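Throughout, residue positions are numbered sequentially from 1 according to the sequence presented. Below, all heavy atoms of this structure are taken into account, side chains as well, without hydrogens, waters or symmetry copies. Not measured: the values here are computed from a predicted model.
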Amino acid sequence: PGPVLYLALEDGERRIQGRMRAILQGRPAPGALDIATGWRTADDGGIDDIETWIGGRKDARLVVVDVLAKIKGRPDRDRGVYDQDYATIAPFSALAKKHAIAIIIVHHVNKGAAGGDPVLRISGTMGLSGAADTTLVLSREARNPNGTLDVRGRDVPEREIALQFDADTGCVIALGPASDFRKSQERRAIIRTLIDGGPMTPAQVAKTTGKNAASVRQLLHSMRKAGEIMSLADGTYLAPDA
């Protein structure tokens, strides 16, 4: 625990107050949490202001910049786009190393991009992720509480974590490795399909769920061995509750 600076540069005081009430659930706000809704840009002394805050707080632990667009300042027309993006993040990275604290910079992803490498969805060039020690890419469809967090970094193991957002508290619950969560989702979908449709062949299950036939056949076999579903003499599968 220690002092934290949260630059909520897209929020007003009323929104922050509502979120704090949801997250704290009646508990008092941490005394070491400083929140600001306005801050100078990086090219106008904003980095120096952050360092001044760090210097004035013993054992400062964390600075959160939300969002990058509000603090990065004016573009440098004499630099290429990649170099500009790299130079945007580099001062924050240097500041974090100098004072041995964490600095989290919130940035947007390209809304239209889907699939592929999550890092490529980061709005801008690879200069942003190249200058950062760690990138965390959150993927979550609208109105879906479940999502994934892709973790890449120089000093952390690469992994993808399944998350669940709780709208009532504003908190996120880690569900474990995303691969395990996807498997459990696929199994639940198959069980629901068999409950609704009765005994079905692997081909029928694949067609109904829209999944690859070979993958479905293998998954059905694994689920039968685990006792999650039953197989009949005619080669069809049946959910225990059907």
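Proximity of L238 to I229: side-chain heavy atoms (C-beta onward) are nowhere separated by under 4.5 Å. With a 4.5 Å cut-off on side-chain heavy atoms, V216 and N212 do not count as touching. At least one side-chain heavy atom of R224 sits less than 4.5 Å from a side-chain heavy atom of Y237. Looking at heavy atoms from C-beta onward, V4 lies out of side-chain contact with V63 at the 4.5 angstrom threshold. Taking 4.5 Å as the limit, every side-chain heavy atom of I190 sits out of range of all side-chain heavy atoms of R188. Here the side chains of T209 and E186 are not in contact, with every heavy-atom distance at 4.5 Å or above. Using a 4.5 Å heavy-atom threshold, the side chains of V67 and E10 count as touching. With contacts defined as side-chain heavy-atom distances shorter than 4.5 Å, the pair I173/F165 does not qualify.
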Decide side chain to side chain contact (heavy atoms under 4.5 Å, CB included) for I47 and F92; before the verdict, give the C-alpha distance in whole Å, the side-chain angles of both, and the deciding distance to 0.1 Å. CA-CA 7 Å; I47 300 293; F92 294 100; 3.5 Å; yes

Please evaluate residues L163 and L138 with respect to the criterion side chain to side chain contact (heavy atoms under 4.5 Å, CB included), reporting the C-alpha separation (whole Å), side-chain torsions for both, the decisive distance (0.1 Å), and the verdict. CA-CA 9 Å; L163 303 175; L138 175 65; 3.8 Å; yes

For side chain to side chain contact (heavy atoms under 4.5 Å, CB included), just list the numbers for I105 and I89, CA-CA rounded to whole Å, side-chain angles, deciding distance to a tenth of an Å, and then say yes or no. CA-CA 9 Å; I105 303 175; I89 302 299; 4.0 Å; yes

Let me see the working for I161 and T148 under side chain to side chain contact (heavy atoms under 4.5 Å, CB included), right down to the final yes or no. CA-CA 5 Å; I161 304 167; T148 60; over 6 Å; no

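A donor-acceptor pair shorter than 3.5 Å cannot be found between the side chains of Q84 and D76. Judged by distance alone, the side chains of D66 and Y6 do bring a donor and an acceptor atom under 3.5 Å apart.
The structure places OG of S123 at 4.5 Å from NE2 of H107, a figure rounded to the nearest 0.5 Å. To the nearest 0.5 Å, atoms CD1 (I191) and CG (D196) are separated by 12.0 Å. Rounding to the nearest 0.5 Å gives a distance of 11.0 Å between CZ of R79 and CG of D85. Taken to the nearest 0.5 Å, the CD1 atom of I71 stands 11.0 Å off from the OG1 atom of T88.
V119 and V151 fall into different hydrophobic clusters, where Ile, Leu, Val, Met, Phe, Trp and Tyr side chains are chained together by heavy-atom contacts under 4.5 Å. Neither W53 nor I104 shares a network with the other; the hydrophobic side chains, linked directly or stepwise wherever heavy atoms of I, L, V, M, F, W or Y lie under 4.5 Å apart, form separate groups for each. Note on L24 and I35: same hydrophobic cluster, where clusters join Ile, Leu, Val, Met, Phe, Trp and Tyr whose side-chain heavy atoms are under 4.5 Å apart, directly or indirectly. In the hydrophobic cluster analysis, where Ile, Leu, Val, Met, Phe, Trp and Tyr join through side-chain heavy atoms closer than 4.5 angstrom, L120 is grouped together with V109.
Between the side chain of Q204 and the backbone N or O of T201, at least one donor-acceptor pair lies under 3.5 Å. In this structure, the side chain of R77 does not engage the main chain of P75 through any donor-acceptor pair within 3.5 Å.
I23 meets the side chain to side chain contact (heavy atoms under 4.5 Å, CB included) test with C171; sequence neighbours excluded.
Using a 4.0 Å cut-off between charged side-chain N and carboxylate O, D150 and R159 make no salt bridge. Under a 4.0 Å N-O distance rule, the pair R187/E228 qualifies as a salt bridge. Between R152 and D117 there is a salt bridge, with a side-chain nitrogen of the basic residue lying less than 4.0 Å from a carboxylate oxygen of the acidic one. Note on R40 versus D48: no salt bridge recorded, every NZ/NE/NH1/NH2 to OD/OE distance being 4.0 Å or above.
Residue pairs meeting the salt bridge (Lys or Arg N to Asp or Glu O under 4.0 Å) criterion with at least one partner in residues 130-142, sequence neighbours excluded, are K97-D133, D133-R154.
When all heavy atoms are compared, the tightest approach of A131 to A90 is CB-N, 4.1 Å.
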